[in-house]
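Written below as structure tokens is the structure these notes are about.
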Amino acid sequence: MAAPPVDNAVTNIIQQQVLKAAQIIEERLDEEIKQLDDLKCDDIEKLRERRLLQLKKEAKKRQEFLAKGHGEYDELGEEKQFFDVIKKSSNVVIHFYRNCTPRCKIVDHHLKALAKRHVETRFCKVLADRCMFLAEHLKIRVIPTIALIKDSIAKDYIVGFTELGNCDDFSTDILEWRIARCGVIDYDGDLSHPPDKKKNTASKSASIHHKNPAHWNDTGSDLDDD
């Protein structure tokens with residue numbers, strides 16, 4: 001069956017619209033080129049000096065962060081260290097773990113990577129069994145739990161893996177996005193939508209079947225594992 005004839009009037013309208021769009025783009029490019037041409041040597045030098053000053057400030061800030069232990073994923077041996085950390089650093093991500101909980105190793109893997117990626121934030125972990133007063137003070141009920149602390153205040157918690165896809169092989173990007181929603185790390189992505197939920201095949205070997213998250217028992221004396 002032959003195709004219906006094309007209306008010449010419609011074709012002309014489409015061509016006019018394409019030409020108009022191309023003309024607008026060309027005009028914008030011409031304006032940007034003109035602005036660059038109008039820059040004087042003094043203006044360019046000022047822009048250069050401003051950029052150098054910004055880079056120096058960023059470098060100085062980075063050195064200050066590194067001096068406070070940022071950039072590494074460290075273990076805090078006692079509760080006093082925790083309070084020292086949150087006094088020195090405005091943004092802190094702290095993982096409450098137990099040696100007998102396999103899922104804590106998965107958290108360690110991701111947080112170690114994020115610590116190097118986000119020098120503006122202090123990343124550390126605490127053995128919950130050794131710091132029961134702190135765990136109770138922060139209302140830690142499930143292991144692993146990641147506490148997100150801003151300006152010495154616990155703003156949010158990531159409890160188990162429920163918010164990370166409810167699986168053991170979630171990606172580092174998913175955890176990064178979840179932490180960023182609390183504002184304790186700098187994040188350039190879209191906070192309203194999680195990144196690609198594709199799982200990390202590298203961590204599948206660590207995948208283990210677990211029961212649902214449990215809570216403290218009636219006496220409040222023990223932490224239970226996710």
Side-chain angles (χ1 to χ4, degrees), residues 24-77 80-96 106-126 146-158 163-164 170-200 202-203:
I24 292 174
I25 294 173
E26 185 177 356
E27 289 174 354
R28 288 178 179 174
L29 288 174
D30 288 341
E31 180 63 26
E32 291 179 6
I33 292 172
K34 183 177 182 300
Q35 290 178 359
L36 290 174
D37 289 339
D38 289 343
L39 283 176
K40 299 178 181 179
C41 291
D42 291 344
D43 296 328
I44 295 174
E45 185 62 27
K46 287 179 181 178
L47 289 174
R48 180 175 176 276
E49 290 177 358
R50 193 179 306 164
R51 179 56 179 161
L52 285 174
L53 182 61
Q54 180 184 355
L55 290 174
K56 288 180 180 179
K57 287 182 177 179
E58 291 175 358
K60 181 180 179 182
K61 195 67 177 176
R62 180 181 176 84
Q63 289 302 317
E64 291 174 354
F65 284 140
L66 294 176
K68 295 177 181 179
H70 292 222
E72 301 294 335
Y73 178 53
D74 300 318
E75 179 166 0
L76 307 182
K80 182 181 180 299
Q81 285 183 282
F82 167 80
F83 293 106
D84 289 341
V85 164
I86 65 173
K87 286 179 182 177
K88 293 178 180 178
S89 300
S90 299
N91 299 306
V92 179
V93 174
I94 181 165
H95 169 211
F96 285 82
I106 299 174
V107 175
D108 286 342
H109 167 75
H110 294 298
L111 292 186
K112 185 175 182 180
L114 290 176
K116 297 185 181 301
R117 190 182 300 180
H118 293 280
V119 181
E120 72 278 4
T121 301
R122 181 75 188 274
F123 287 78
C124 48
K125 63 179 181 177
V126 166
I146 303 172
L148 308 177
I149 299 169
K150 190 172 187 66
D151 297 326
S152 300
I153 299 174
K155 304 291 289 187
D156 200 359
Y157 299 90
I158 302 173
E163 297 181 83
L164 305 173
F170 60 89
S171 69
T172 302
D173 291 342
I174 286 289
L175 180 56
E176 179 185 34
W177 172 81
R178 175 59 184 85
I179 292 173
R181 293 184 65 189
C182 185
V184 297
I185 61 175
D186 295 337
Y187 188 71
D188 295 331
D190 184 0
L191 288 175
S192 62
H193 295 91
D196 186 0
K197 292 184 179 180
K198 184 178 180 181
K199 299 175 183 178
N200 270 353
S203 62

[X] versus [Y], closest heavy-atom pair with distance:
X    : Y    : result
K112 : Y73  : CA-CB, 3.8 Å
A180 : L191 : CB-CD2, 3.7 Å
K155 : C182 : CB-SG, 3.4 Å

Task: Neighbour count >12 (heavy atoms, 6.0 Å) for atom NZ, K150 - done: yes

May I ask you to test the [X]-[Y] pair for a side-chain heavy-atom distance under 4.5 Å?
X    : Y    : answer
I94  : V85  : no
L175 : I146 : yes
N91  : I185 : no

Which value, rounded to the nearest 0.5 Å, describes the distance between [X] atom [atom1] and [Y] atom [atom2]?
X    : Y    : atom1 : atom2 : value
K61  : H70  : NZ    : NE2   : 9.5 Å
E64  : K88  : CD    : NZ    : 13.5 Å
F170 : W177 : CZ    : CH2   : 13.5 Å
F65  : S90  : CZ    : OG    : 7.5 Å
Y187 : I179 : OH    : CD1   : 11.0 Å
R181 : R178 : CZ    : CZ    : 6.0 Å

TODO: Go through the steps for L114 and T172 under the test side-chain contact (heavy atoms from CB on, under 4.5 Å), then give the verdict.
DONE: CA-CA 8 Å; L114 290 176; T172 302; 3.7 Å; yes

Just list the side-chain donor-acceptor pairs under 3.5 Å for residues 116-125, sequence neighbours left out, or say none.
from	atom 1	to	atom 2	distance (Å)
R117	NH1	D173	OD1	3.2
R117	NH1	E176	OE1	2.9
H118	ND1	E120	OE2	2.8
H118	ND1	D186	O	3.3
H118	NE2	E176	OE2	2.6
E120	OE2	D186	N	2.9
T121	OG1	V184	O	2.5
R122	NE	G69	O	3.4
R122	NH1	K68	O	3.0
K125	NZ	D108	OD2	3.3

TODO: List the steps and the verdict of salt bridge (charged side-chain N to carboxylate O under 4.0 Å, His left out) for D84 and K80.
DONE: CA-CA 6 Å; D84 289 341; K80 182 181 180 299; 3.1 Å; yes

Task: side chain to side chain donor-acceptor pair (under 3.5 Å) involving D190 - partner list, sequence neighbours excluded - done: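 Listed in chain order: S192, H193.
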
